[in-house]
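The model shown is predicted, which means the values in this text are computed figures rather than measured ones.
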Amino acid sequence: MQLTKNFTVEELTHSDTALAKNIDNTPEHFSILLNLYHLFTFVVQPVRAWAKRPFNIMSCFRAKRLNRILGGAASSDHVLGCAVDFTCWDMAEVFKYIALNCEFDQLIWEKGDDDQPEWIHVSHRVGGNRNQILKFDGVQYRYIKVDE
């Protein structure tokens, strides 16, 4: 099912781990599809349109069982369809674009170095977005400021 111009629900729920472990990674509630729609409509699709280049979706929706197996937090936004992890052509540039142009709950520079993250995590909630910008170095999260 097409969710936005460039993204399908199947792409956002695909998991090699789920397939290997025979886990049904289908969203169990309509609210999850609605959350995915908002995340991709207000953050990811606008960034994709700006970049004019594809993303590699690493992880988006995760069923609770899959999330546990992957070591995700029980309160992870992934189980609600509110978060996505991805890589792309220039993650530092995309990270900055999201920080300065999108409404999000959390934007996390995941691992990597000072030039490029290993991947980007971004979440969006319907109402109550905190616009938190964080960097995770593999040990701790810290707030960072993104300058224009």
Shared hydrophobic cluster, Ile98 / Trp119 (ILVMFWY, side-chain heavy atoms < 4.5 Å): no

Trp109 with Val146, same ILVMFWY side-chain cluster at under 4.5 Å: yes

Main-chain N/O of [Y] paired with [X] side-chain donor or acceptor, under 3.5 Å:
| X | Y | value |
| --- | --- | --- |
| Gln45 | Arg48 | no |
| Asp113 | Asp115 | yes |
| Glu10 | Met1 | yes |
| Asn25 | Thr13 | yes |
| Asn131 | Phe104 | yes |

Residue pair [X] / [Y]: nearest heavy atoms and the distance that separates them:
| X | Y | answer |
| --- | --- | --- |
| Glu11 | Ile57 | OE2-CG1, 3.7 Å |
| Phe55 | Cys88 | CD2-CB, 3.8 Å |
| Phe95 | Leu134 | CZ-O, 4.0 Å |

The single option from Gln132, His124, Arg130 passing side-chain hydrogen bond (donor to acceptor under 3.5 Å, both in side chains) against Asp105: Arg130

With the side chain counted from C-beta on, respond yes when [X] and [Y] share a heavy-atom pair under 4.5 Å apart, and no when they do not.
| X | Y | result |
| --- | --- | --- |
| Leu12 | Phe40 | yes |
| Phe86 | Val94 | yes |
| Ile108 | Val122 | no |
| Lys135 | Tyr141 | no |
| Ile120 | Leu107 | yes |
| Val47 | Cys102 | yes |
| Val84 | His121 | no |

For residues 75-83, run the donor-acceptor check on the side chains, cut-off 3.5 Å, and write out each pair with its distance to 0.1 Å, sequence neighbours left out.
residue	atom	partner	partner atom	Å
Ser76	OG	His78	N	3.0
Asp77	OD1	Arg125	NH2	2.2
His78	ND1	Cys60	O	2.7
His78	ND1	Ala83	O	3.4
His78	NE2	Asp85	OD2	3.3

Output field: ring centroids Tyr97/Trp50 closer than 6.0 Å: yes

Tyr37 atom OH, over 12 foreign heavy atoms within 6.0 Å: no

Gln116 versus Asp90, side-chain donor and acceptor atoms under 3.5 Å: yes

Residue list, side-chain hydrogen bond (donor to acceptor under 3.5 Å, both in side chains) with Glu118, at least two apart or on another chain: none

Shared-cluster residues of Leu70, by chain and number - hydrophobic side chains joined below 4.5 Å: Ile23, Leu66, Ile69

